[in-house]
Amino acid sequence: MLSRLLFPVDWSLSLLASALRLGAGGAGSSVSTNEMPLILYEFESCPFCRIAREQVSASGVTVNVKPCPKGGERFRPEVKQKGGKAQFPYLVDPNVPADGTATAMYESADIAHYLRQRYGKASRPLIHWAGPVNQVLSQFAALARYMNGTIARPAAKPDKPLWLYTSERSPGGRLVKEMLCSKELEYFWSAQAPESQRTPLLRDPNSDQLVSGSFAILNYLRQTYPRSK
Ligand SMILES: N[C@@H](CCC(=O)N[C@@H](CS)C(=O)NCC(=O)O)C(=O)O
């Protein structure tokens, strides 16, 4: 009941976050990432991760998101092991280019640049031209969301990653990503839904459920993946 009353407030604050980003992270038309999806280690409130996610969304690239909120034990150790330090965002592209070296990188600006160069077609979100102002506004967007998606609140772990279809700029999609992040639930993320279905859309291959609309998805996640600690 309380969550139903608070939802419009929450959604409006998420709209404010999108406005602070000048609508960056709209859904670009899908591009092929060869055989394997890219892997993005990030957490929702991190201003640098937001910049990377905006470019992912605008580029139309599907990524496997491995949420790494503070205190998280599920994916944080992987980043340290692969890259040598716990810094976010961290992108891994398992599609090995012609020179034979797999690509992995820290630094939001490098990730955004790499996505534009390697996967083409993508436009650079307007706010990304604004240098330090870009980062400050990204931090303000996190504050508008009272830093949701910062701290791990581990949940029951599904066998298979979920699928989420939503753009980075979607206010409702942001609420869902915040919850997936704090629950450390891994998911494949695409800005474009199949067959132009309504977004945000969650597909859970573990229960064979398709849930659409942010309010319904949040309830589904609360019930299906309750807190484990
Ligand atoms: N210059 C880096 C800064 C990245 C950064 O400072 N990320 C913070 C989170 S906002 C971080 O990884 N902090 C360590 C931690 O969360 O454990 C970039 O643009 O990606």
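Both ligands and their constituent atoms are indexed starting at 1 by order of listing. No experiment lies behind these values; they were computed from the predicted model shown. When a residue number appears, it is its place in the shown sequence, counting from 1.
- Note on E184 versus K66: no salt bridge recorded, every NZ/NE/NH1/NH2 to OD/OE distance being 4.0 Å or above.
- Residues of the protein with a heavy atom under 4.0 Å from ligand 1 are F43, C46, P47, F48, K70, R76, A86, Q87, F88, P89, E107, S108, listed by chain and number.
- Residues Y106 and K85 bring no donor and acceptor atom of their side chains to less than 3.5 Å of each other.
- Side-chain polar atoms of Q209 and Y220 form no donor-acceptor pair below 3.5 angstrom.
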Ignoring hydrogens and angles, write down the donor-acceptor pairs under 3.5 Å from the side chains of residues 150-166, residues two or more places apart or on other chains.
from : atom 1 : to   : atom 2 : distance (Å)
T150 : OG1    : S45  : OG     : 2.6
T150 : OG1    : M147 : O      : 2.5
T166 : OG1    : S170 : OG     : 3.4

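- Side-chain contact of N95 with R118: a donor-acceptor pair under 3.5 Å is absent, judged by distance alone.
- Side-chain contact check for E44 versus R145: every heavy-atom pair is 4.5 Å or farther apart.
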